[in-house]
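Proteins get letters first, then strands, A, B, ... in listed order; numbering begins at 1 in each.
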There are 2 protein chains.
Amino acid sequence: MYRTHTCGALRAANVGQTVTLAGWVQKVRNLGAMTFIDLRDRYGLTQIVVEEHSSEETRRTAAELGREFVLQVTGRVIERESKNPKLPTGEIEIAADALVILNRSDVPPFTIEEESDGGDDLRMKYRYLDLRRPPLQRALILRHRMAHAVRTFLDGEGFLEIETPYLIKSTPEGARDFVVPSRMNPNQFYALPQSPQTLKQLLMVAGYDKYFQIVRCFRDEDLRADRQPEFTQIDCEMSFVEQEDVLEVFERWAKHMFREVLGIDFAEPFRRMPWIEAMEKYGSDKPDLRFGMEFHDVTGRVKGHGFGVFDDAEYVCGFAAAGCAGYTRKQIDALTEFVKRPQVGAKGLIWIRVEADAVKSSVDKFYTPDEVRAVAEACGAAAGDMVFLMSGPKLRTLTQLCALRLEVAQQLGLRDPKRFAPLWVVDFPMFEWDDETQRFYAMHHPFTSPKPEDVPYLESDPGRVRANAYDFVCNGTEIGGGSIRIHDPKLQAAIFSCLGFTPEKAQEQFGFLMNAFKYGAPPHGGLAFGFDRLCSLFGGSESIRDYIAFPKNNAGRDVMLDAPSAIDPVQLDELYLDLHTTAK
Amino acid sequence: MYRTHTCGALRAANVGQTVTLAGWVQKVRNLGAMTFIDLRDRYGLTQIVVEEHSSEETRRTAAELGREFVLQVTGRVIERESKNPKLPTGEIEIAADALVILNRSDVPPFTIEEESDGGDDLRMKYRYLDLRRPPLQRALILRHRMAHAVRTFLDGEGFLEIETPYLIKSTPEGARDFVVPSRMNPNQFYALPQSPQTLKQLLMVAGYDKYFQIVRCFRDEDLRADRQPEFTQIDCEMSFVEQEDVLEVFERWAKHMFREVLGIDFAEPFRRMPWIEAMEKYGSDKPDLRFGMEFHDVTGRVKGHGFGVFDDAEYVCGFAAAGCAGYTRKQIDALTEFVKRPQVGAKGLIWIRVEADAVKSSVDKFYTPDEVRAVAEACGAAAGDMVFLMSGPKLRTLTQLCALRLEVAQQLGLRDPKRFAPLWVVDFPMFEWDDETQRFYAMHHPFTSPKPEDVPYLESDPGRVRANAYDFVCNGTEIGGGSIRIHDPKLQAAIFSCLGFTPEKAQEQFGFLMNAFKYGAPPHGGLAFGFDRLCSLFGGSESIRDYIAFPKNNAGRDVMLDAPSAIDPVQLDELYLDLHTTAK
């Protein structure tokens, strides 16, 4: 037995007890003849004191200690002279009778405290040391608690967690697969799942009724910030359900999570916003509703006044930034530069400053003050507000204005990570047209069912068909999404045809699922949540990496393990593989 | 809303209610003007009755139904005339007012009942239909319940479930890795983890104190019966612990599992058996303690009587099969053939039939009756028993006698899957000598700590060094195992040296772990349980496949998905890979 208590356990009530603690040396301070040691473990920090009258051996050991040494301390719990109210153990300290160095430590390459002085690369290389820092420990403890809350809730609702295989079949839709060469089946490859989508649908065909799984997924994509080649989903599917049934269960689930993990109660139902409304009001299918600044279509009002930019535009829209009438020219110029950045791609920005007795705008020469005021009011502005307008093709303009809205909100401090504004976005379009390949793609995936009333347009006007698809959105982030699936083989065939799959190609790629559907597929649907992202949302951090114990860097490398790496030629030969060094 | 109740919900108390059910048609029987339909879902089976006075449409729909059609039924709950006490819903039936065919089904390729008439291959191909069968549904429900019980217990003990990466670095010890070519890092490969062993040790270095994970592991081995290329472990690790601390927690865990899942209480502590005792008494490091038939060393007693086989043998041992004195010559011959099979590899079998007034044996010409009786009594035999003796090199003989012991017990019906005899096997040897490569291998793994008292023999006599290693065994199966790890870099270096690793090789392969250990590694240890096997143990089945939703066959293929399969040459080129078709 190495310890009687953890470093977070002792309180004033323990004074007088003889205890043994073990942990890491956070800090050593010598004050005259006394030595104070901060001993740290996952549970907390306890102050150890080596006094003048401690044994010579104890004093000698104390003198040897360095940061991150692993130390075992036996001593008496005593009341502290100067209490530390910030520390749960701050009322007591341990008067050390014996110190045992369980392990030594080289000087760590960065400080292991609340904030570290180490750069990103160094902390990734020594991830096991970075993981000792309290913010990362809190993040992984939060993740554990959240996973447990997910499981407890879904278990209580009759969902079964069923593990699906990681070595599956490569499918062509979606992102690029990671593949795994098979030694026993030469020249053949498994794929790692991008999601267990087809497998969970097979489980519905198999009658499992309510399935979930907290499951790793893999995508071999070029990595952007906050994308990891392996990531975790909460994957769910239900049988004999319509969209409303799925939203009902998972809205309760989400409220359970907010309550259990964060102590936040949502009494009201979550807002349900059709996709087209989300796009027109917020320029995004994942609107941030922590603040207003809704968009307003002013196309009709602003056209025909000789301002060519608006006259030529398909769409003109704007929003009112409340209380921003005082923005300086410099601030407005900075926002104009912001929307002109390639990531946003706008040509410019029109503004209207609204004061009680006057309006001023960057287009005053084309409109009367009354006209300008009317436009501002149409955008919901009142005195003291600033209106921003953008124009161009409809969807592009909305998207660009969305970037501006978020930037302004960020500057105004409206994107408070401690506030949560969840909603469902519903009624997604079924298909997206891709100009490059001149075909429709499934916006969600090819098994998503169309709204029954839109089925007649599948052939004549696929772009207008809406899907039984839904996203769970919070604070401008898509946390999850799903759909009611197609269970009718004829309808599935029609969708594949819309997507340009020949029956042969569909059979080749999805044959096992389509065959399964011949044997009594129940109506079913489900959804999946990004667990890493959900953790970072709840934890209030921008970075999902903080919530992953051993993440990969932007080149897909684990720099701590030094993976990926070269492998033995014997191993390659067993897999019937040769390497070439340049693309063909 | 597709249903008001599941097919397992309705009871006599519901009589008179109008309900809607949905499920699969298990069976349709026409009895005169009445049609009876068994409707099945995950929750149970409910009888539907279509009567003479049902609407014509309902009767027409009923006439169309086939096996495995997906059907929605609305009707009144009525009391059944002939109740079925075997069925929880057996007191009622539904008088159908409306039948809606939600989906049709082709005739399934095998019967979907408690027992199926389908062969293994067919059932694997149509796994989604086999998974509809009640035994498989019970198996996956059991697995879900067990996983949840594991998590709830360990969460309550302060363990954190921390997800470790699946794309890691290839390591040379142990089995063959599955590898994953990296597109972003050409000519380099990730490996899929055989276990998160090093990662969990890094989590201990990182101060997480108590870790667990229910995690998939991967081994590219030639498959034997009941081996899967991907399998699931309950992986656990603790800091500041000695062997006794680990066994204490996980013995409580195991008792919790037996109680929660099976309702079985183990009041007594589990037996702790040193490895050498397990080998000498049962010929196995995973003894089946559901029955006795312990081995006894009679080498000294039987030598020197002119029976050459014994005289030349290093070791002679035997056990008494209680009540088997009546075995016929034919039965004994069959057992002799059994031990001579290549899988067992013995040369022969000596037997002693013990009756109250006489003994008879196959070696009567070398021994007096008193001598024979003394040998039999030394083996624990009483009147009515049969003693079996084998001889040869010690360990080989013990192992061969173990196979016979299990076979005899099987024939006697002593291997009752409803009885459980758990134990800990402890004090494993540190190393195993391999004649072929002329080196020692780590019996557990190279991070296992030796018993402190045996450290002096590391250089002089490695074979005698015992490890702080332990296995959890039940009913002749190893369910889990682990060890206290080495946290002292100097001791770790000495072990690598025993294993024939040069310091450079050790650095290359385990550098990240050894480097991490320089920064204050706590004393730590843990263990891992085979979750698939634990499920099959609790479920009383021999086959772990029944407890895996989508298992692979003996060629490592998923015949349902048709994986692995060929991939697109473009994909290969992106990975800088060429294929060759024959080994070089």
Side-chain angles (χ1 to χ4, degrees), chain A residues 2-3 22 24 42 68 70 103 105-106 108 128 131-132 140 144 148 155 160-162 165-170 178 180 182-185 187-190 202 205-207 209 216 220 230 240 487 512 516 518-522 549-550 555-556 561 563-565 567 573 576-580 584, chain B residues 2-3 22 24 42 68 70 103 105-106 108 128 131-132 140 144 148 155 160-162 165-170 178 180 182-185 187-190 202 205-207 209 216 220 230 240 487 512 516 518-522 549-550 555-556 561 563-565 567 573 576-580 584:
Chain A
Y2 276 98
R3 61 187 172 195
W24 286 264
R42 183 186 117 196
E68 303 304 319
V70 185
N103 224 337
S105 174
D106 286 1
Y128 45 86
L131 283 172
R132 283 185 191 166
L140 293 188
H144 162 78
H148 199 65
D155 177 67
L160 299 175
E161 185 160 26
I162 299 176
Y166 283 120
L167 298 172
I168 65 165
K169 187 184 169 79
S170 191
F178 280 106
V180 181
S182 167
R183 181 181 56 85
M184 293 178 74
N185 302 273
N187 296 344
Q188 299 192 341
F189 294 75
Y190 303 99
L202 291 173
V205 173
D209 208 72
R216 203 71 51 84
D220 185 12
E230 48 177 316
F240 301 114
H487 64 276
F512 56 92
K518 289 181 190 153
Y519 294 97
F550 300 106
L561 294 178
S565 60
I567 58 171
D573 199 46
Y576 302 89
L577 292 180
D578 288 321
L579 305 179
H580 58 265
K584 282 180 178 171
Chain B
Y2 277 96
R3 60 187 173 194
W24 285 263
R42 183 185 117 195
E68 303 305 320
V70 185
N103 224 337
S105 174
D106 287 0
Y128 44 87
L131 283 172
R132 284 186 190 163
L140 293 190
H144 162 78
H148 199 66
D155 176 68
L160 299 175
E161 185 161 23
I162 298 176
Y166 283 121
L167 298 173
I168 65 166
K169 188 185 168 80
S170 191
F178 281 106
V180 181
S182 167
R183 181 181 56 87
M184 293 179 74
N185 301 274
N187 296 345
Q188 300 193 340
F189 294 75
Y190 303 99
L202 290 175
V205 174
D209 208 71
R216 203 70 53 81
D220 185 12
E230 46 177 318
F240 301 114
H487 64 275
F512 55 92
K518 290 181 190 154
Y519 294 96
F550 300 105
L561 296 178
S565 60
I567 59 171
D573 199 45
Y576 301 90
L577 292 180
D578 288 321
L579 304 179
H580 58 266
K584 282 179 178 170

TODO: Tell me, for A/Ile162 versus chain B, whether the close heavy atoms (under 4.5 Å) come from the side chain, the backbone, both or neither.
DONE: side chain
Task: Residue part contacting chain B, namely of A/His487, when any heavy atom lies under 4.5 Å - done: both
Task: Segment of A/Ser182 engaging chain B (4.5 angstrom heavy-atom cut-off) - done: side chain
Open item on the list: Would the distance check show the side chain of A/Trp24 and the main-chain N or O of B/Gly207 forming a donor-acceptor pair, the cut-off being under 3.5 Å?
Closed with: no
- [ ] Would you mind telling me which of B/Val180, B/Val70, B/Ile567, B/Leu160 has the largest number of heavy-atom pairs within less than 4.5 Å of chain A?
- [x] B/Leu160
Task: chain B contacts, top residue of A/Ser565, A/Ala516, A/Ser105 (heavy-atom pairs, under 4.5 Å) - done: A/Ser565
- [ ] Give a yes or no answer on whether the side chain of A/Asn103 reaches the backbone of B/Ala521 with a donor-acceptor pair at less than 3.5 Å.
- [x] yes
Open item on the list: Looking at chain B, which one of A/Leu140, A/Leu579, A/Leu202 has the largest number of heavy-atom pairs inside 4.5 Å, strictly under?
Closed with: A/Leu579
Open item on the list: Using a 3.5 Å distance criterion without hydrogens, assess whether the side chain of B/Arg183 forms a donor-acceptor pair with backbone atoms of A/Asp220.
Closed with: yes
Open item on the list: Could you check whether any side-chain N or O of A/Tyr519 sits under 3.5 Å from a backbone N or O of A/Val205, counting only pairs where one atom can act as donor and the other as acceptor?
Closed with: no
- [ ] May I ask you to test the B/Glu161-B/Asp155 pair for a side-chain heavy-atom distance under 4.5 Å?
- [x] no
Open item on the list: What's the separation between atom CZ in A/Phe550 and atom CG in A/Leu561, rounded to the nearest 0.5 Å?
Closed with: 7.5 Å
Task: Option that, when pairs with chain B are counted at under 4.5 Å, heavy atom only, ranks first among A/Ala22, A/Pro108, A/Gly556, A/Pro165 - done: A/Pro165
